[in-house]
Amino acid sequence: VKRFEKDPSGEVIFEGHWRLFKNREQQFIHELKESSSVDGFGQAALVTTMSVVLRRVSDRIALSLLEQVEEDPVPEAP
């Protein structure tokens with residue numbers, strides 16, 4: 001995570017990257033950038049918006065993992 005904060009314009013910004021390793025070798029690296037405007041005032045509105053942004057980031061990671069598994073399935077255990 002490079003950045004996860006509310007900027008002066010009222011946007012919650014998430015910037016970072018994640019990597020997938022297989023057998024100790026990096027398979028890929030993905031940049032992550034998500035943002036959302038804070039809707040309302042106070043800590044509750046900020047926390048809600050940060051949660052929304054984290055959900056989007058998590059969804060993107062999950063989708064990428066699904067795509068990777070479909071391309072290169074994990075062998076079944078004996």
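Without hydrogens or angle criteria, Ser51 side chain to Val47 main chain gives no donor-acceptor distance under 3.5 Å. With hydrogens and angles ignored, the 3.5 Å screen pairs a side-chain donor or acceptor of Asp7 with a backbone N or O of Gly10. Within the 3.5 Å criterion, the main-chain N or O of Glu25 finds a donor-acceptor partner in the side chain of Gln27.
By the 4.5 Å heavy-atom criterion applied to side chains, Trp18 and Leu65 are counted as neighbours. Using a 4.5 Å cut-off on side-chain heavy atoms (C-beta onward), Met50 and Phe4 make contact. Two residues are said to be in side-chain contact when any heavy atoms from C-beta on lie closer than 4.5 Å; Glu15 and Leu32 fail this criterion. A heavy-atom distance below 4.5 Å is found between the side chains of Val38 and Lys6.
Annotation: the span from Asp59 atom CG to Leu54 atom CG amounts to 11.0 Å, rounded to 0.5 Å. One finds the CD atom of Gln68 at 5.5 Å from the CG atom of Leu20 (value rounded to the nearest 0.5 Å). Note: Lys33 NZ to Arg56 CZ = 16.0 Å, rounded to the nearest 0.5 Å. Atom CZ in Arg60 sits 8.5 Å away from atom NE2 in His30 (nearest 0.5 Å).
Nearest heavy atoms, Gly40 versus Ala45: C-CB, 3.7 Å. In terms of heavy atoms, Ser35 sits closest to Ile13 at CB-CD1, 3.7 Å. Across all non-hydrogen atoms, the minimal contact from Ser36 to Val53 is CB-CG2, 3.7 Å.
Note on Ile61 and Val52: separate hydrophobic clusters, where clusters join Ile, Leu, Val, Met, Phe, Trp and Tyr whose side-chain heavy atoms are under 4.5 Å apart, directly or indirectly. Side-chain heavy atoms closer than 4.5 Å link hydrophobic residues (I, L, V, M, F, W, Y) into clusters, and following such links, possibly through other members, connects Val57 to Val1.
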### Message
Is there a salt bridge (charged side-chain N to carboxylate O under 4.0 Å, His left out) between Lys2 and Glu31? Walk through the geometry before answering.
### Response
CA-CA 10 Å; Lys2 295 177 191 174; Glu31 293 293 320; 3.5 Å; yes

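Heavy-atom contacts from other residues, nucleotides or ligands closer than 6.0 Å to CZ of Phe41 number 12 or fewer.
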